[in-house]
Student: 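For reference, the structure I am asking about is given below.
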Amino acid sequence: MLAKAYIEVTNFCGLSCDFCEPKKEKPCNMELSLFEKINKELCGKTKTIAYHILGDPLTLQNLAEYLDISAKYRHSVELTTSGHNLNKIDTNTLLHSAVRQINFSLSSYFANNNKAISMDEYMQHILEFCRKSIDTPKRFVNLRLWNIGDDRYTVFNGEIEQIIKDRFGVTASGDKVKIAPYTIIVKDRMFSWPSMQKEAINTAGSCLAIKGQLGFLVDGRVVPCCLDSKGDMELGSIKLQSLNDILLSDRALKITQGFKENTLIEKMCQTCSFREIRL
């Protein structure tokens, strides 16, 4: 069983963060019919569905319709967002019964050049939601500072920690600190996206891709992991094939066999620092 399946419900986020992949040529949302097909195919095959590869699910005006579909197939949902659209939606949508966890990428505020609101206002909306979610048990909130090791963020991280201390009375000095019931701040090192244009950093190693996670791009292409945003390692199309057939494709089998033999056979895998940092 997969630990997590990533579905790119939209490839649009509205920001231009310097740590993220470039925007795709054409912003679009996944068709609900395709989304339902994927949810149906994943029944009994994954513990969690994450609405994320690129894009921000909070930009979807009909997010509740996607959540209703996941609930129909009894999937537990994880949402990852910058939080910049939190004041533009009904936050009750995020308390939908299908939602198990919400991740706020706080680093996006510093990394984005188009700051429409102040940091205090940005954090106010997020922390107000954290307080609201306290009354809805088992809705976990992660406040992510995935920028440790990048000196540009030192002052920014200190300001975030001070805001949290002022609002919750908690000193967020560790890598993972509980600041409220079901709410934690998580710190981790910065990583760079893998790319076919980069030089390989390692040809030996293993990963949880395919065995532990899969990605579904907005157009239905299936990829081994959440970092293959362009489909460079496309395994097949869920529009045209069953998930079982895709997982038994030659490319999928070669990748997984390589991992078993501690060999990274794909160029993308060889350039992946996320695998180096997180695994």
Student: Does this structure show an ion pair linking Glu266 with Arg251, if we count only N-O contacts that are shorter than 4.0 Å?
Tutor: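 Arg251 and Glu266: salt-bridged.
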
Student: Quick one: is the NZ or CZ of Arg131 closer than 6.0 Å to the six-membered ring centre of Phe168, and within 45° of its axis?
Tutor: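 Yes, cation above the ring, under 6.0 Å and within 45°.
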
Student: Find out if a path of hydrophobic residues (ILVMFWY) with successive side-chain heavy-atom gaps under 4.5 Å connects Phe140 to Leu86.
Tutor: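 No, it is not one cluster - the side chains of Phe140 and Leu86 are not joined through contacts under 4.5 Å.
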
Student: How long is the straight-line distance from OG1 of Thr154 back to CG of Asp151, given to the nearest 0.5 Å?
Tutor: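 So the CG of Asp151 and the OG1 of Thr154 are separated by 5.0 Å.
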
Student: Which donor-acceptor pairs under 3.5 Å do the side chains of residues 159-166 make with protein atoms, sequence neighbours left out?
Tutor:
from: Glu161; atom 1: OE2; to: Lys187; atom 2: NZ; distance (Å): 2.5
from: Gln162; atom 1: NE2; to: Asp166; atom 2: OD1; distance (Å): 2.9

Student: Evaluate Asn103 against Gln101 for side-chain contact (heavy atoms from CB on, under 4.5 Å), listing each step before the verdict.
Tutor: CA-CA 7 Å; Asn103 306 313; Gln101 180 169 309; 2.8 Å; yes

Student: For Ser206 and Asn262, which I'm curious about, is there any donor-acceptor pair between the side chains at under 3.5 Å?
Tutor: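 Asn262 and Ser206 do not have a side-chain donor-acceptor pair below 3.5 Å.
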
Student: Do the two ring centres, one from Tyr51 and one from Phe35, sit under 6.0 Å apart?
Tutor: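 Ring centroids of Tyr51 and Phe35 are less than 6.0 Å from each other.
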
Student: For a quick check under 3.5 Å, do Asn142 and Lys176 share a side-chain donor-acceptor pair by atom type?
Tutor: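 Not at all, the side chains of Asn142 and Lys176 share no donor-acceptor pair under 3.5 Å.
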
Student: Output yes when a side-chain donor or acceptor of Thr171 lies under 3.5 Å from a complementary backbone atom of Ser173, and no otherwise.
Tutor: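 Judged by distance alone, no pair lies under 3.5 Å.
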
Student: Step by step, work out the side-chain contact (heavy atoms from CB on, under 4.5 Å) result for Leu79 and Val99.
Tutor: CA-CA 7 Å; Leu79 302 175; Val99 177; 4.1 Å; yes

Student: Please tell me if the side chains of Glu8 and Asn11 come closer than 4.5 Å, counting only heavy atoms from C-beta onward.
Tutor: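 The answer is yes; the side chains approach within 4.5 Å.
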
Student: Taking atom CD1 of Ile53 and atom CG of Asp228, what is their separation to the nearest 0.5 Å?
Tutor: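 Reported to 0.5 Å precision, the distance equals 8.0 Å.
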
Student: Rounded at 0.5 Å granularity, tell me how far NZ in Lys40 sits from CG in Leu243.
Tutor: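 Lys40 NZ to Leu243 CG: 13.5 Å, rounded to 0.5 Å.
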
Student: Looking at CD of Glu41 and CD of Gln241, how far apart are the two atoms once the value is rounded to the nearest 0.5 Å?
Tutor: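 Here the interatomic distance stands at 10.5 Å.
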
Student: Heavy-atom count check: over 12 atoms from other residues, nucleotides or ligands less than 6.0 Å from Asp250 CG?
Tutor: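 Incorrect, the count does not exceed 12.
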
Student: Between CD of Glu65 and OG1 of Thr93, what distance do you get to the nearest 0.5 Å?
Tutor: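 Reported to 0.5 Å precision, the distance equals 11.0 Å.
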
Student: Pick from Leu235, Ile38, Ile7: which one makes a side chain to side chain contact (heavy atoms under 4.5 Å, CB included) with Leu214?
Tutor: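 Going through Leu235, Ile38, Ile7 one by one, the side chain to side chain contact (heavy atoms under 4.5 Å, CB included) with Leu214 is satisfied by Leu235 alone.
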
Student: Would a 4.5 Å heavy-atom cut-off, applied to side chains only, mark Phe19 and Ser107 as touching?
Tutor: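 Yes; the side chains approach each other to less than 4.5 Å.
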
Student: Going by distance alone, is a donor N or O of one side chain under 3.5 Å from an acceptor N or O of the other, for Ser195 and Gln197?
Tutor: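 Yes.
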
Student: Please determine whether residues Met268 and Tyr6 belong to a single hydrophobic cluster, defined as Ile, Leu, Val, Met, Phe, Trp and Tyr linked transitively by side-chain heavy-atom distances below 4.5 Å.
Tutor: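 Looking at the clustering, Tyr6 is in a separate group from Met268.
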
Student: Could you state whether Tyr153 and Met123 fall into the same hydrophobic cluster, counting links through intermediate Ile, Leu, Val, Met, Phe, Trp or Tyr residues with side-chain heavy atoms under 4.5 angstrom apart?
Tutor: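 Shared cluster, yes.
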
Student: Please say yes or no: joined through hydrophobic side-chain contacts below 4.5 Å, possibly via intermediate residues, are Leu32 and Leu63 part of one cluster?
Tutor: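 Leu32 and Leu63: one cluster.
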
Student: Give the C-alpha distance, both sets of side-chain angles, the deciding distance and a yes or no for side-chain contact (heavy atoms from CB on, under 4.5 Å) between Cys17 and Phe110.
Tutor: CA-CA 8 Å; Cys17 298; Phe110 178 84; over 6 Å; no

Student: Keeping Glu234 on the side-chain end and Val223 on the backbone end, is there a donor-acceptor pair under 3.5 Å?
Tutor: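 Such a contact is absent between Glu234 side chain and Val223 backbone.
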
Student: Starting at NZ of Lys260, measure out to CD1 of Ile255 and round the result to the nearest 0.5 Å.
Tutor: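 Here the interatomic distance stands at 13.0 Å.
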
Student: So does Arg100 pair up with Glu78, basic N to acidic O under 4.0 Å?
Tutor: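 Not counted as a salt bridge, because no side-chain N and carboxylate O are separated by less than 4.0 Å.
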
Student: Verify whether one side chain among Asn92 and Lys132 offers a donor that lies under 3.5 Å from an acceptor in the other.
Tutor: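 The criterion, which ignores hydrogens and geometry beyond distance, is satisfied for Lys132 and Asn92.
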
Student: Say whether Thr81 and Asp56, considering side chains only, have a donor N or O and an acceptor N or O under 3.5 Å apart.
Tutor: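 Side-chain D/A pair, Thr81 to Asp56: present.
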
Student: So do the side chains of Ile49 and Tyr73 get within less than 4.5 Å of each other, counting heavy atoms only?
Tutor: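 Side-chain contact under 4.5 Å: no.
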
Student: Look at Asp219 together with Arg221 and state whether they make a salt bridge at an N to O cut-off of under 4.0 Å.
Tutor: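 Result for this pair is yes, salt bridge flagged.
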
Student: Report the C-alpha separation of Asp232 and Lys230 in whole Å, then their side-chain angles, then the decisive distance to 0.1 Å, and conclude whether the salt bridge (charged side-chain N to carboxylate O under 4.0 Å, His left out) test is met.
Tutor: CA-CA 6 Å; Asp232 290 312; Lys230 296 184 178 68; 5.9 Å; no

Student: Minimum heavy-atom separation for Ala200 and Lys267, please, with both atom names.
Tutor: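 The pair with the smallest heavy-atom distance is N-CE, 4.3 Å.
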
Student: Any heavy-atom pair between the side chains of Leu143 and Ile179 that's under 4.5 Å?
Tutor: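 With C-beta onward as the side chain, the pair touches.
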
Student: Indicate yes or no: at least one non-hydrogen side-chain atom of Ile238 is less than 4.5 angstrom from one of Lys37.
Tutor: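 When only atoms from C-beta onward are counted, Lys37 and Ile238 do touch, with a gap below 4.5 Å.
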
Student: Would you call the rings of Phe191 and Phe274 parallel, tilted or perpendicular, taking 30° and 60° as the class edges?
Tutor: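 It falls in the perpendicular class, over 60°.
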
Student: So with a 6.0 Å cut-off around CD of Glu31, is the heavy-atom count from everything else above 12?
Tutor: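 Result for CD/Glu31: open.
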
Student: Which atom pair, heavy atoms only, marks the closest approach of Ser105 to Tyr122?
Tutor: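 Closest approach of Ser105 to Tyr122, heavy atoms only: O-OH, 3.5 Å.
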
Student: Would you kindly confirm whether Ile89 and Leu60 end up in one hydrophobic cluster when ILVMFWY residues are joined by side chain heavy atoms under 4.5 Å apart?
Tutor: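 Linked within one cluster.
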
Student: Is the shortest heavy-atom distance from the side chain of Phe12 to the side chain of Cys28 under 4.5 Å?
Tutor: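 When only atoms from C-beta onward are counted, Cys28 and Phe12 do not touch, as no gap falls below 4.5 Å.
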
Student: Does any non-hydrogen side-chain atom of Val218 lie less than 4.5 Å from one of Val9?
Tutor: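 Result no, sub-4.5 Å side-chain heavy-atom pair not found.
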
Student: For Lys254, I'd like to know if atom NZ has over 12 heavy atoms of other residues, nucleotides or ligands within 6.0 Å.
Tutor: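 No.
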
Student: Which heavy-atom pair separates Glu261 from Gln257 by the least distance, and what is that distance?
Tutor: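 Scanning both residues, the minimum pair turns out to be OE2-NE2, 2.9 Å.
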
Student: Where is the tightest heavy-atom contact between Leu106 and Phe156, given as atom of each residue plus distance?
Tutor: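 Result for this residue pair: O-CZ, 3.3 Å.
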
Student: Decide yes or no for Asp188 and Ile148: does some side-chain heavy atom of the first lie under 4.5 Å from some side-chain heavy atom of the second?
Tutor: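 They are not in side-chain contact.
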
